[in-house]
Amino acid sequence: MSQTNEKERSPFVNRVFAVVRQIPFGRVTTYGRIAHYVGAGRSARMVGYALRNCPDDVSENAHRVVNRIGVLTGGWSWGHPAIMRGLLEDEGVTFIDEYQVDLERHLWDPNDELPPLDE
DNA sequence: GCTGTGACTGGGT
DNA sequence: CACCCAGCCACAG
């Protein structure tokens, strides 16, 4: 059988899920910050691609991940951006626009809050 | 196996 | 300030 272990993701994706699960309540982070933390650099797209197929436990924190300007780019993954916005507002996150959060106020950078990657 | 597209980002025009 | 292009990697057609 080939790589039929769908539970086994690439190390990169595994890191992304680990970081997303560690996002504190009421905080938000960006795809680029996560990508940089896992050592992917500009592979921010891969972060979003990974979250698009993330497990349920990660999906609970996935709404805390937005793009570099705080826009809920993946809001439609919840069926509608309003759903994602509601989840963030429920955590006390402030919005500067209909679907744009205040990163200056709630940005959580894993590179600054989390210890350096060391396996 | 090449092409297009995507929950992105940064820089340029 | 708004739009465009190049870079990144993975997956679908």
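Proteins come first, then strands; the chains are lettered A, B, ... in the order of their sequence lines, and each starts at number 1. The basis for the numbers below is simple: all heavy atoms, side chains too, and nothing from hydrogens, waters or symmetry mates. Note that this is a predicted model, so its numbers are computed, not measured.
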Using Watson-Crick and G-U wobble pairs with both distances under 3.5 Å, what is the 5'-to-3' dot-bracket string of DNA chain C, with [ ] for crossing pairs and | for pairs outside the strand? .||||||.|||||
Nucleic acid contacts of [range], taken as heavy-atom distances under 4.0 Å to DNA chain B:
range                     : answer
residues 21-43 of chain A : A/Thr30, A/Tyr31, A/Gly32
residues 75-98 of chain A : A/Ser77, A/Trp78
residues 50-64 of chain A : A/Leu51, A/Arg52, A/Ala62

Is any side-chain heavy atom of [X] closer than 4.5 Å to a side-chain heavy atom of [Y]?
X        : Y       : result
A/His106 : A/Glu91 : no
A/Pro110 : A/Thr29 : yes
A/Tyr99  : A/Val66 : no
A/Leu72  : A/Trp78 : no
A/Val47  : A/Phe12 : yes
A/Leu107 : A/Thr30 : yes

Hey, is CZ on A/Arg33 packed in by over 12 heavy atoms from elsewhere, all under 6.0 Å?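 Incorrect, the count does not exceed 12.
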Got a second to check how far A/Trp108's CH2 is from A/Leu103's CG, nearest 0.5 Å?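 The CG atom of A/Leu103 is 14.0 Å from CH2 of A/Trp108, to the nearest 0.5 Å.
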What pairs with A/Asp57 under side-chain contact (heavy atoms from CB on, under 4.5 Å), at least two apart in sequence or on another chain? A/Arg21, A/Pro55
Please measure how far the P atom in C/dA6 lies from the corresponding atom in B/dT3, and state the result in whole Å.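 To the nearest whole Å, 16 Å.
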When you list every nucleotide of DNA chain B with an atom under 4.0 Å from a heavy atom of chain A, which one comes first 5' to 3', and which comes last? B/dG6 to B/dG10
